[in-house]
Number of protein chains: 2
Amino acid sequence: MASGKITISEVAREAGVSIATVSRVMQGRPSVSPDLARRVREVARHLGYSPSPMARGLATGSTGMVGILVPQLSNPYFHELIKAIGVGADHDGYRMLVLESDERVADEPDLAASLYAHADGVILCSPRMADDDLERVTLGRPRLLCVNRIARDGQPPGIACDMFSPMLDICRLLATQGHRRVVYFAGAPYSWVNAERWRAVQHSAALGLDPLRVQAGPSIDAGYAATDAALALSPTALIAANDLCAIGVLTRLREVGLQVPRDVSLTGFDDIPFSRHTLPALTTARIPRLELGRQVWAMMRAVLADEAPPARVLATAEVVVRDSTGPAPASGIRYR
Amino acid sequence: MASGKITISEVAREAGVSIATVSRVMQGRPSVSPDLARRVREVARHLGYSPSPMARGLATGSTGMVGILVPQLSNPYFHELIKAIGVGADHDGYRMLVLESDERVADEPDLAASLYAHADGVILCSPRMADDDLERVTLGRPRLLCVNRIARDGQPPGIACDMFSPMLDICRLLATQGHRRVVYFAGAPYSWVNAERWRAVQHSAALGLDPLRVQAGPSIDAGYAATDAALALSPTALIAANDLCAIGVLTRLREVGLQVPRDVSLTGFDDIPFSRHTLPALTTARIPRLELGRQVWAMMRAVLADEAPPARVLATAEVVVRDSTGPAPASGIRYR
DNA sequence: TTGTATGCGTTATCAG
DNA sequence: CTGATAACGCATACAA
């Protein structure tokens with residue numbers, strides 16, 4: 001309720017006890033007589049005392065914080081994930097220190113290091129940095145976790161969703177609808193997630209698709225900007241790396257007079273909240289962020305307790321079919 | 001590059017100097033001979049030493065962090081604001097500790113206090129708590145700032161955007177387009193921002209409008225859920241508290257077979273990135289987050305330097321007319 | 001059950 | 001320019 005300048009010694013003096021006792025009371029240790037504890041608590045409350053996290057951290061060697069690094073907060077997917085992780089963190093009394101790299105791949109190592117300095121543990125979400133850098137960052141940092149990125153030698157440990165099979169499912173859907181030539185809008189250049197999705201699209205050749213690719217990016221603007229290049233390839237279906245990208249594509253398609261899915265089909269990935277509200281609503285794949293977050297925290301909790309990192313788990317995304325996909329146009333794409 | 005267990009004394013020992021010297025070097029003080037400084041720096045780098053923020057904090061009495069509390073991270077408006085503030089913070093070497101209350105008004109005081117314990121300064125964005133609580137939270141916390149909330153007696157100090165006149169502009173637009181009966185979708189119950197917007201809508205009576213109101217909320221789902229109640233009031237235009245809300249309304253309107261703006265007009269507020277990509281694109285008001293963020297940081301910087309808090313500044317939002325507004329239907333709304 | 005004393009990693013104030 | 005050393009606020013063995 002009040003300021004933060006009151007220290008433990010003032011409380012001790014005011015209550016007529018030693019700072020050790022106050023410390024014990026504040027930590028809720030049972031080894032203090034109920035009366036004394038009550039009195040101390042009373043004094044502390046009255047003075048508006050609250051322990052200094054830093055002093056406490058210095059003494060105990062832990063900060064009570066976990067750091068999280070994400071590529072971009074502007075993608076709803078990431079803060080939904082953060083939120084999901086936060087449920088468990090909150091429950092265990094941890095605060096989350098969130099940092100975004102804003103897709104500046106070169107900054108990731110520094111940001112991760114900085115996070116590690118402030119927190120007891122660090123979670124790297126979809127880091128884009130090269131395996132070498134990742135290895136270097138991991139070096140000597142036993143409490144580092146990795147989400148949605150599988151590194152070379154499994155370091156750092158972590159959890160990744162299976163992006164491959166749902167993307168293949170999307171392709172299968174497209175194939176059964178008569179599509180053949182499809183264009184993949186690539187997302188973040190060094191993203192493992194993006195690589196997996198593209199890998200799946202490539203595999204769709206086995207399904208009879210003819211997959212092409214244009215470089216876009218993990219944002220609305222990137223999707224918008226890459227659309228024309230994709231259309232030049234005369235596809236009947238467009239597969240965006242994620243929903244954000246797909247939303248940009250959708251707008252551009254409308255501008256050039258193409259109807260979705262009549263003239264061309266479009267899919268996203270992630271199932272962010274907005275995807276239900278585009279017109280047409282986006283066919284996409286839903287990553288179970290809640291479950292993923294739960295598992296990530298379980299893992300972090302184990303790591304924080306110096307337990308052996310549990311085996312890598314793979315959650316699975318599921319395809320959500322909505323209105324942006326349909327039968328391939330009989331006479332190919334009608335463009336211009 | 002490496003772990004965080006190396007302390008200043010190890011560097012000192014390895015370099016054959018005192019910890020005081022190492023400390024000076026790490027702080028970049030000029031009072032160290034260039035050669036020595038270079039050697040120390042070399043050793044530090046080699047050992048992978050990085051100063052402990054906690055120990056440093058304990059010694060200096062500052063954390064190098066500023067806390068930010070927002071109602072919800074799921075609203076792009078807020079993280080755009082956070083990002084804007086972050087530009088200045090980064091520049092001055094501060095880290096931001098972001099917490100969201102998730103619209104749990106009752107938790108705000110605790111969250112703010114917790115933030116204050118970890119940071120040198122705290123920024124409250126659109127806090128919803130009552131004036132009394134706000135006053136209590138402010139008590140004895142000289143480094144608290146408030147964004148988009150004007151409290152009773154100007155405490156805590158801060159910056160707020162003028163929401164009133166742009167909302168009145170929106171109403172004026174509607175009035176000139178022949179609308180008369182309009183319904184306002186109220187946002188967060190205890191939000192100053194929401195109150196200001198509604199106040200403006202009420203004032204639009206002077207423009208010839210007949211403003212009604214339904215309770216919704218600051219989210220897509222809230223807008224969606226409140227739409228039927230609003231339509232029951234037979235309006236020709238709907239004014240959502242913010243864009244998120246408007247997006248939900250739009251979807252529901254489509255479901256019940258109403259065309260925007262032919263059958264009914266719709267407006268949002270904030271101009272989040274998605275609003276350009278809805279169909280029709282949303283007429284809304286753009287809050288200059290970049291400028292706002294800049295000013296907020298300037299103010300925080302002053303506060304952190306113990307300077308007198310500069311006068312309260314008001315930025316101004318501007319109306320962005322897009323496709324969701326149009327002439328009122330001649331024969332009133334066609335519903336059902 | 002309670003108090004005393006030491007250490008946590010830095011900064012900063014003094015002396016040299 | 002450099003080196004001891006006393007804080008900083010707290011937790012915790014160790015004593016009592």
Side-chain angles (χ1 to χ4, degrees), chain A residues 2-41 43-44 47-65 93 113-114 116-120 140, chain B residues 2-41 43-44 47-65 93 95 113-114 116-120:
Chain A
S3 102
K5 305 287 293 179
I6 289 96
T7 75
I8 198 174
S9 14
E10 316 197 35
V11 177
R13 183 156 37 73
E14 190 73 18
V17 298
S18 75
I19 65 167
T21 298
V22 177
S23 176
R24 287 176 189 120
V25 171
M26 295 313 289
Q27 293 177 76
R29 306 232 177 184
S31 63
V32 181
S33 86
D35 291 9
L36 228 191
R38 216 168 37 70
R39 205 177 76 217
V40 170
R41 212 145 17 220
V43 172
L47 261 46
Y49 167 72
S50 98
S52 150
M54 283 182 300
R56 178 174 284 187
L58 231 207
T60 61
S62 68
T63 63
M65 297 211 255
S114 153
Y116 207 88
H118 284 280
D120 300 339
Chain B
S3 102
K5 305 288 290 178
I6 289 99
T7 75
I8 198 174
S9 15
E10 316 198 34
V11 177
R13 182 157 37 71
E14 190 72 18
V17 297
S18 75
I19 65 169
T21 297
V22 177
S23 176
R24 288 181 190 112
V25 172
M26 295 313 289
Q27 293 177 76
R29 306 231 180 188
S31 62
V32 181
S33 86
D35 290 10
L36 228 192
R38 216 167 37 70
R39 203 177 76 216
V40 170
R41 216 151 7 227
V43 173
L47 259 46
Y49 166 72
S50 98
S52 152
M54 283 182 301
R56 177 174 285 189
L58 230 207
T60 61
S62 68
T63 62
M65 297 211 255
R95 285 256 177 273
S114 154
Y116 207 88
H118 284 280
D120 299 338

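Lettering of chains follows the sequences in order, A, B, ..., and the numbering in each one begins at 1. As the structure is a prediction and not an experimental result, all values here were calculated from the model.
Counting all heavy atoms, side chain and backbone alike, A/Leu36 lies closest to A/Thr21 at CD1-CG2, 4.2 Å. Residue B/Arg24 comes nearest to B/Val32 through the heavy atom pair CB-CG2, 3.7 Å, listed as atom of the first residue, atom of the second, then distance.
Distance check, rounded to the nearest 0.5 Å: CE of A/Met54 to OG1 of B/Thr60 gives 7.0 Å. How far OG of A/Ser50 is from CE of A/Met26: 7.5 Å, rounded to the nearest 0.5 Å.
Reading DNA chain D from its 5' end, the first and the last nucleotide to sit under 4.0 Å from a heavy atom of chain A are D/dG9 to D/dA13.
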Once base and sugar-phosphate atoms are separated, protein heavy atoms under 4.0 Å mark nucleotides 5-12 of chain C, 5' to 3', with B, S and - as --BBBBBB
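Side-chain atoms of B/Thr63 come within 3.5 Å of backbone N or O of B/His118 as a donor-acceptor pair.
Put simply, the side chain of B/Arg41 reaches to within 4.5 Å of the side chain of B/Val25, judged on heavy atoms.
Within a 6.0 Å radius of CD in B/Glu10, more than 12 heavy atoms belonging to other residues, nucleotides or ligands are found.
When the side-chain nitrogen and oxygen atoms of A/Thr21 are compared with OP1 and OP2 of C/dG3, one or more of them lie within a distance under 4.0 Å.
With sequence neighbours left out, the side-chain contact (heavy atoms from CB on, under 4.5 Å) criterion links B/Ala59 to no other residue.
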